[in-house]
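Note sheet for the following structure.
Just the heavy atoms: all of them, side chains too, but no hydrogens, waters or symmetry mates, feed the values below.
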Amino acid sequence: MTDAAMSKPSGRIRWIVCALLFAAVVLSYVDRLVLPTLKPDLQARYGWSESGYADLAIWFQAGYGIAYVLFGRVIDRIGARAGYALAVTLWTFGHVAHIFFTSTAGMLIARIPLAIGEAGTFPAAIAATNEWFPKRERALAIGIFNAGSNVGAIVTPLIVPIIAVSLGWRWAFILTGLLTVIWLAAWLGFYRSPREKKGLSAEELAWIEAEPVEPQRPVKWATLFRHRQTWAYISGRFLIDPVWWTFLFWLPDFFNKQYGVKMLDFGPPLIAVYLLADVGSVAGGWLSSRLIGRGASVNRARKTAMFCCALCAVPIAFAAQAPSMWIAVALIGLACAGHQGFSANIYALPGDLFPRWMAGSVIGLGGLSGALGGMLMAKYAGMILETVGSFQPIFFVAACAYLVALLVIHIFVPRYAPVRLSDKA
């Protein structure tokens, strides 16, 4: 029986799993964004250069991308529960280690384990989503937990400046790091696979397992690269991830340089931007899930949602010339909403097109591809800001990235055809 032929079950344990994933993404983005939030103050205090900060972004993404591939493989083997626990342990160690350094070169030492641990966040979350959600709910679940990135981006400028001013900047790393320890205990205590989870009703289990699941098996890299579906995913991530990385690393700096916003005042503009991004994340996942539920093909539903989201990013081309900060906030927030909605659908691609035993490795390759694109974008941004001194060229790239990404995905998978059994050898 397919999930389309079944009515939704009354059980909600799968949504508790989704809530845990959401909380983990919130915490990962809080920990990732403490340094960018403190950047204007630490740059003035310790004499950081723009190129030195760009190098931090570049090497963070290098470590993140390489580890993303490794985590994809690891999670294919050890599962979402152990994989997420390993990721959180590593990133918490790196995050707290920032307190021992004051130079960009020193911060890089702490940034690498943070990057390695945070690289496991999305492979583990998507593996858990594939395990706990049928295809028709998967993009919505991804959109919900992916919205945690925006909540993390909202929370950070609210709490970090207050901690830094009240207790010193090092306490911003210590106190936020303690939150991940609490989450880790909750994760290990609650999470199990559906068949091992006590209290899961037979009705909800049948809903989750409406699609046939193939047994886990090893997969060769050469096998992955033979499929157009793999190239669709990694190309899409290469094109869109750099835009989001740029927002994460440079938005506080943009508001500081363009409109003179100080650290304690970052909250309102960043909150507005990431609230819009939250709406986009859930709406993008909801739209494709809604279309599938109404009978549209997965191909049509995902690409329709991605096209709508791509259009939302186009107006950011004018953000650097906005006559007021709040107009810039609206344009950037709309682009962030478009990014998150687009991401909710592209993150669903491995689960849509690959058997579950291959999905983690494909996700890992996509993460590496996105990080490589992010490294190039960071180098470009650092160069532009030191020479041109304007965000305009950076925002122009962001405006075009999503339409180009959708075109490339469509070229590789015009019919969104899943990998066939005969293709796996």
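Counting non-hydrogen atoms of other residues, nucleotides and ligands closer than 6.0 Å to OH of Tyr380 gives a total above 12. Within a 6.0 Å sphere centred on CZ of Phe100, heavy atoms belonging to other residues, nucleotides or ligands number 12 at most. More than 12 heavy atoms of other shown residues, nucleotides or ligands fall within 6.0 angstrom of atom CH2 in Trp326. Heavy-atom contacts from other residues, nucleotides or ligands closer than 6.0 Å to NZ of Lys379 number 12 or fewer. Within a 6.0 Å sphere centred on CZ of Phe412, other residues, nucleotides and ligands contribute more than 12 heavy atoms. Other residues, nucleotides and ligands contribute over 12 non-hydrogen atoms within 6.0 Å of the CZ atom of Phe101. At most 12 heavy atoms of other shown residues, nucleotides or ligands fall within 6.0 angstrom of atom CH2 in Trp59.
Between Leu140 and Phe133, the closest side-chain pair of non-hydrogen atoms is not below 4.5 Å. Proximity of Phe318 to Ile327: side-chain heavy atoms (C-beta onward) are nowhere separated by under 4.5 Å. Counting heavy atoms from C-beta outward, Ile394 and Phe254 have side chains that stay 4.5 Å or more apart. Using a 4.5 Å heavy-atom cutoff, the side chains of Leu353 and Val298 are not in contact. The shortest distance between side-chain heavy atoms of Arg170 and Thr102 falls below 4.5 Å. Side chains of Leu175 and Ile159 form no contact here, defined as non-hydrogen atoms less than 4.5 Å apart. Side-chain contact check for Leu311 versus Tyr402: every heavy-atom pair is 4.5 Å or farther apart. With a 4.5 Å cut-off on side-chain heavy atoms, Ile346 and Tyr233 count as touching.
Pairing each heavy atom of Asn345 with each of Gly284, the nearest pair is ND2-O, 3.0 Å. Closest approach of Ala232 to Ile409, counting heavy atoms only: O-CG1, 3.6 Å. Scanning all heavy atoms of the two residues, the minimum distance from Ala85 to Leu188 falls at CB-CD2, 3.8 Å. When all heavy atoms of Phe342 and Met306 are compared, the pair lying nearest together is CD1-O, 3.3 Å. Residue Phe395 comes nearest to Ile332 through the heavy atom pair CZ-CD1, 4.1 Å, listed as atom of the first residue, atom of the second, then distance. When all heavy atoms of His98 and Leu114 are compared, the closest pair comes out as CE1-CD2, 3.9 Å.
The cationic group of Arg81 does not satisfy the cation-pi geometry with Tyr191, failing either the under 6.0 Å distance to the six-membered ring centre or the 45° limit from the ring axis. Geometrically, Lys197 engages Phe190 in a cation-pi contact defined by less than 6.0 Å to the ring centre and at most 45° from the axis. In this structure, Lys303 is not positioned above the aromatic face of Tyr416 in the sense of NZ or CZ being under 6.0 Å from the six-membered ring centre and within 45° of the axis.
Rounded to the nearest 0.5 Å, atoms CG (Asn299) and NE2 (His410) are 7.5 Å apart. If you take NE2 on His95 and CG on Leu179, they are separated by 8.5 Å, rounding to the nearest 0.5 Å. From Cys312, atom SG reaches atom CG of Leu331 across 12.0 Å, with rounding to the nearest 0.5 Å. Remark: Arg228 CZ to Arg415 CZ distance equals 10.0 Å, nearest 0.5 Å. In this structure, Leu372 CG and Arg237 CZ are separated by 11.5 Å, a value rounded to the nearest 0.5 Å. The line from CG of Leu178 to CD1 of Ile182 is 7.0 Å long, rounded to the nearest 0.5 Å.
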(message) Before you tell me yes or no, could you show the steps for Leu276 and Leu334 under side-chain contact (heavy atoms from CB on, under 4.5 Å), namely the whole-Å CA-CA distance, both residues' side-chain angles and the distance that decides it to 0.1 Å?
(response) CA-CA 6 Å; Leu276 287 170; Leu334 184 62; 5.6 Å; no
(request) Apply side-chain contact (heavy atoms from CB on, under 4.5 Å) to the pair Leu90 and Phe93, showing each step before the final yes or no. (result) CA-CA 5 Å; Leu90 286 171; Phe93 171 79; 5.9 Å; no
(request) Please lay out, stage by stage, how Ile240 and Ser343 fare under the test side-chain contact (heavy atoms from CB on, under 4.5 Å). (result) CA-CA 8 Å; Ile240 72 165; Ser343 294; 3.7 Å; yes
(request) Would you check, one step at a time, whether the test side-chain contact (heavy atoms from CB on, under 4.5 Å) holds for Trp91 with Arg32? (result) CA-CA 9 Å; Trp91 103 49; Arg32 189 181 305 185; over 6 Å; no
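The main-chain N or O of Ala320 is found under 3.5 Å from a side-chain atom of Gln258 such that the two form a donor-acceptor pair. Glu131 contributes no side-chain N or O that, together with a main-chain N or O of Ala127, makes up a donor-acceptor pair within less than 3.5 Å. For Ser28 (side chain) and Val25 (main-chain N/O), a donor-acceptor pair under 3.5 Å exists by modelled atom type. Looking only at distances, no side-chain donor or acceptor of Arg111 sits under 3.5 Å from a matching main-chain atom of Phe60. Remark: the backbone N or O of Gly177 is paired with a side-chain donor or acceptor of Thr180 at under 3.5 angstrom. A donor-acceptor pair is defined here as one N or O able to donate and one able to accept, closer than 3.5 Å; such a pair exists between the side chain of Gln43 and the backbone of Trp48. At least one donor-acceptor pair closer than 3.5 Å links the side chain of Asn256 to the backbone N or O of Val261.
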Got a list of side-chain donor-acceptor pairs under 3.5 Å for residues 244-252, not counting sequence neighbours?
{"from": "Trp244", "atom 1": "NE1", "to": "Tyr29", "atom 2": "OH", "distance (Å)": "3.1"}
{"from": "Thr246", "atom 1": "OG1", "to": "Pro242", "atom 2": "O", "distance (Å)": "2.8"}

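A tilted orientation is assigned to the rings of Tyr347 and Phe122, their planes being inclined by 30° to 60°.
Among residues two or more places apart in sequence or in another chain, the ring-ring contact (aromatic ring centres under 6.0 Å, His included) test is passed with Trp183 by Tyr84, Trp187.
Thr156 and Thr37 are not linked by any side-chain donor-acceptor pair at a separation below 3.5 angstrom, with hydrogens and angles left out of the test.
Put simply, the residue from Val160, Leu38, Asp31 that forms a side chain to side chain contact (heavy atoms under 4.5 Å, CB included) with Phe173 is Leu38.
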